[in-house]
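Report on the following structure.
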Amino acid sequence: MLYEYLFQPFVEFGFMRRALVASLALAVGGSSIGVFLILRRMSLMGDALAHALLPGAAMGFLLGGLSLPAMSLGGFLAGIATALVSGIIARFSNMREDASFAAAYLTAMALGVLIVSLRGSAVDLMNILFGAILAVDDTALFLVVSTATLTLVGLAAIYRPLVVECFNPGFLAAMGVRGSVYHYLFLGLAVLNMVAGFQALGTLMALGIVLLPAVAASFWAREVWSMTLIAAPMAFASAAVGLLVSFHVGLPSGPVIVLFASLFFLGSLLLGSRSSVRTRLSRPVHLRG
Amino acid sequence: MSATALRLVDLTVSYDRHPAVHHVSAEIPAAEMTAIVGPNGAGKSTLLKALLGLAPHIEGRIECSARRIAYLPQQAEIDRSFPISVFDTVLLGRWSRFGGFAAAGHADIHDAQHAIEAVGLAGFERRPIDTLSVGQFQRVLFARLLLQDAYLVLLDEPFAAIDSKTVADLMAVIQRWRAEKRTVVAVLHDLDQVRRDFPNALLLARELVDSGPTLRVLSAENLLRARAMAEAWDEHADACKVPMQLSA
């Protein structure tokens, strides 16, 4: 019966309810971050940033064991440090920022794997890399929901300068505004979202729910705000459906959720209203003017 | 020529220690149209950036009486695939009024509508900017300049890759600024147009060749010298012994 499939898991199991609320919060906050990541042509830098959390989380793990606050704080500090260091390297050398990000995150990743393998077991490593949304407890839920709140309020506050900084940074500078302030505020929010995501989806998967819905939305929306409005429900839908499928079929939830987000991406790529495959192929007649 | 809008005093702007503008002293008259002319790499755009306070490293002095400066960048500096509408782009011209956080007032929205009509783009308000042609997008940027309501307007190659109809329409906007006693400084490459429309010119080849009335500045002799100076540049030059006198 439909009710059993769709609702019973959530009615019956507390961990499913927590996972659902966590994924709703992640979807709303993360996908808005994703929209700006792709508009700033930073999707791969976001990926690098997510990986860079690893050594921090590992240090937290070394010092505090499998404690979420310790690992999250470590991850957050590592992410911020990576963003700042690569920004500074790019500013003081002729290196492009994407290249310095790559250098920073590869270093961080290697360091992180090394630290975990020094102390923990392979299971711990898998936990950090791939997360466990079904293991989200009240502390984690609190962290994820606060992050989503802070992200939405923060993005709303810096929305206009951030948008202008994306598409015409020279104009902002001519108005006497330091665009880099908003760049780093945004990076801070991005790191925060990846920290929130990594408990649920892991450092490798966290970006899936951030970026894929945003990319999918870019095939439908014509403006930034509408892109965000389209991306968030897509992210939540993939999380909810992914949770249910992984519950019923017994698959790991993180990858399933991300795969459903990929389905949204594929569907939008094929059917979207802006520069999708459909609009490329189906132009039987041209317009009059 | 009465008052001076801008005075450059021994101005040097350098990137990575290489000067792009070298010991330039000149005056730009107020309420007048001045063209900045010179070969590629002569430091024209750099000079505009320095006037805006955006150049990385400057020596010497810029004296400027205008409080608000409007600036038209080269189109390459703008991400034209960004999902934003024509109306929102134009409305940004009122940034000095509402800044990064406050709401735009009714007057601002009304004026933005007017500016869009003034540049001949009525009906394009909700179009995303990535659907516009180069010429149409330049009209959008001019509408934004109109909204900035500045007494010093800096234009960096306003007519690069623009058709003659659009050039004529946008020249009319510039003439209107002049009638309103605003100072216009434009980087231009079309010397015929400079001779026709701009009474004042500044010929640059990293160093100042000449500045003043266009007919005198754009003499065959000066243009030849500008080209020779640009070509004779030595990238491995030793440190400059400041202050250097320019042999005229």
Inset, instruction - Below 4.5 Å from any heavy atom of chain B, which atoms of A221(A) appear? Answer side chain, backbone, both or neither. - result: neither
Inset, instruction - Would you mind checking which part of R80(B) comes under 4.5 Å of any heavy atom in chain A, side chain (CB onward), backbone (N, CA, C, O), both or neither? - result: neither
Legend entry - Y15(B) OH: over 12 foreign heavy atoms closer than 6.0 Å: yes
Inset, instruction - Check whether L162(A) gets within reach of chain B through its side chain, its backbone, both or neither, counting any heavy atom under 4.5 Å. - result: neither
Inset, instruction - Tabulate, in ascending numerical order, the residues of residues 260-268 of chain A having at least one heavy atom closer than 4.5 Å to a heavy atom of chain B, or enter 'none'. - result: none
Inset, instruction - Pick whichever of Q148(B), R68(B), E77(B), R144(B) has the most heavy-atom pairs under 4.5 Å with chain A. - result: R144(B)
Inset, instruction - Carefully, step by step, assess W95(B) and F171(A) under the rule side-chain contact (heavy atoms from CB on, under 4.5 Å). - result: CA-CA 10 Å; W95(B) 184 281; F171(A) 179 77; 4.2 Å; yes
Legend entry - Neighbour count >12 (heavy atoms, 6.0 Å) for atom OH, Y184(A): yes
Inset, instruction - Sort out for me which residue in I78(B), I84(B), D79(B) forms a side-chain contact (heavy atoms from CB on, under 4.5 Å) with N168(A). - result: I78(B)
Legend entry - Pick from D88(B), L92(B), L52(B) with the largest number of heavy-atom pairs that fall under 4.5 Å of chain A: L92(B)
Inset, instruction - Can you see which heavy atom on L54(B) is nearest to which on G170(A), and at what distance? - result: CD1-O, 4.2 Å
Inset, instruction - Heavy-atom distances under 4.5 Å only: say whether S81(B) touches chain A with side chain, backbone, both or neither. - result: side chain
Legend entry - Closest heavy-atom pair and its distance - G100(B), P161(A): O-CD, 3.4 Å
Legend entry - Segment of A102(B) engaging chain A (4.5 angstrom heavy-atom cut-off): backbone
Inset, instruction - Quick one: closest heavy-atom pair of R127(B) and R222(A), and the distance? - result: CA-NH2, 4.3 Å
Inset, instruction - Can you check whether anything in residues 25-48 of chain A gets within less than 4.5 Å of chain B, heavy-atom wise, and list it by number? - result: L39(A), R41(A)
Legend entry - V164(A), part contacting chain B, at a heavy-atom distance under 4.5 Å: side chain
Inset, instruction - Just say parallel, tilted or perpendicular for the rings of Y182(A) and F101(B), cut-offs at 30° and 60°. - result: tilted
Inset, instruction - Counting only heavy atoms closer than 4.5 Å, note whether V177(A) contacts chain B via side chain, backbone, both or neither. - result: side chain
Legend entry - R274(A) and D130(B) ion-paired at < 4.0 Å: yes
Legend entry - Heavy-atom closest pair, residues S85(B) and E223(A): CB-OE2, 3.7 Å
